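We count ligands from 1, going down the list as the structure has it; atoms in each ligand are counted the same way. Counting from 1, the numbers follow the sequence of the chain as shown. From a predicted model like this one, the values you see are computed outputs, not experimental measurements.
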Amino acid sequence: MNVPAPAPASAPTLGKDLLGLQYLSAAQILHILDTAEPFKEVSERPIKKVPALRGKTIVNLFFEPSTRTRISFEFAEKRLSADTVNVASTGSSVTKGENLVDTARNLEAMRIDMVVIRHGASGAAQFLGERIRSNVINAGDGKHEHPTQALLDLLTLRDHFGRIERVKVAICGDILHSRVARSNIWGLTKLGAEVAVCGPASLMPSRVEELGVTILPRIEDAIAWADVLNIMRLQLERMHSGYIPSLREYNRVFGVTSERLSRAPKDILIMHPGPMNRGVEIDSDVADGPHSVILPQVTNGVAVRMAVLYLLAGGSQVSAAAQPEDQA
Ligand code: CP
């Protein structure tokens, strides 16, 4: 029989909701990453299921398109044995004018425990979390934060370097519209990484240096400096005016190409949260090249989301949570 190890007395709790890395301490972020470690192995088993969230009901409320985050949350929930329901705005009563809180309150009337929400409005997750009893997890809100993406990025970095402190990470591309960039900046700076941002001035938030990052104006500067490039997509759907002359011009000036990387003083780890615009911010031979960890990022996403769901549900005995059903 496996005897569960007690959680360290100092293990920090996360509170009711996960809204962003801005609101977490370094200790809380590290606790999520450490909790994700034993969950990685669950996804490698023939039977990818543990009973940790048996009896919990989770609603995935996706009001914006998603492939990776939505499916990753659903896998995480199913692998923890939770009951899950997926709601998209199309096909729901949102199309008839129902507002977010009414939708969520009606779901709560059916006795749910958690809501995972992706929404086009910055602050939507906090707005919901303040109005319903269920735990709320932000799966991306407008241009604000995408905390589980940053957590999986941090886990992937730690896998590669064995640490996050002092790793030089350049976040490149459309920083202005990127919730992934914002969450990464909060998480990386809290954990002691050196962080730079690189992209066109038109796609750089004003006063971004106040978040503790350096601005590198040229992609060549980022490549010369960084251990890691985390490449953000051009969010064309959020651009309502001419931020760049053309996609071709953007690739010519800011594209991460193997030719540019060949001039780097060292091998650079390549990350991208997806979805990628191949041939725009990143060329295919870089995305699919030997230094890319883009697919390991996706794999880590399931473990990180299992950890977040487990901790928000009040879990603490991580080694027990990762035990198969017959040993738990
Ligand atoms: N990285 C990310 O959020 O991808 P999706 O939009 O496919 O969920």
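In this structure Thr57 satisfies the side-chain contact (heavy atoms from CB on, under 4.5 Å) test together with Asp83, Ile112, Asp113, sequence neighbours excluded. By the side-chain contact (heavy atoms from CB on, under 4.5 Å) test, Phe63 pairs with Leu61, Ser89, Val94, Leu100, His119, sequence neighbours left out.
Closer than 4.0 angstrom to ligand 1 lie heavy atoms from Ser66, Thr67, Arg68, Thr69, Arg118, His146, Gln149, Pro273, Gly274.
Taking the centre and axis of the six-membered ring of Phe73, the NZ or CZ atom of Arg305 falls inside the cone set by 45° and 6.0 Å.
The CD atom of Glu220 sits 7.0 Å away from the CZ atom of Arg263 when rounded to the nearest 0.5 Å.
The hydrophobic cluster containing Leu295, built from Ile/Leu/Val/Met/Phe/Trp/Tyr side-chain heavy atoms closer than 4.5 Å, comprises no other residue.
Crowding of Arg163 atom CZ: a count of heavy atoms from other residues, nucleotides or ligands under 6.0 Å exceeding 12.
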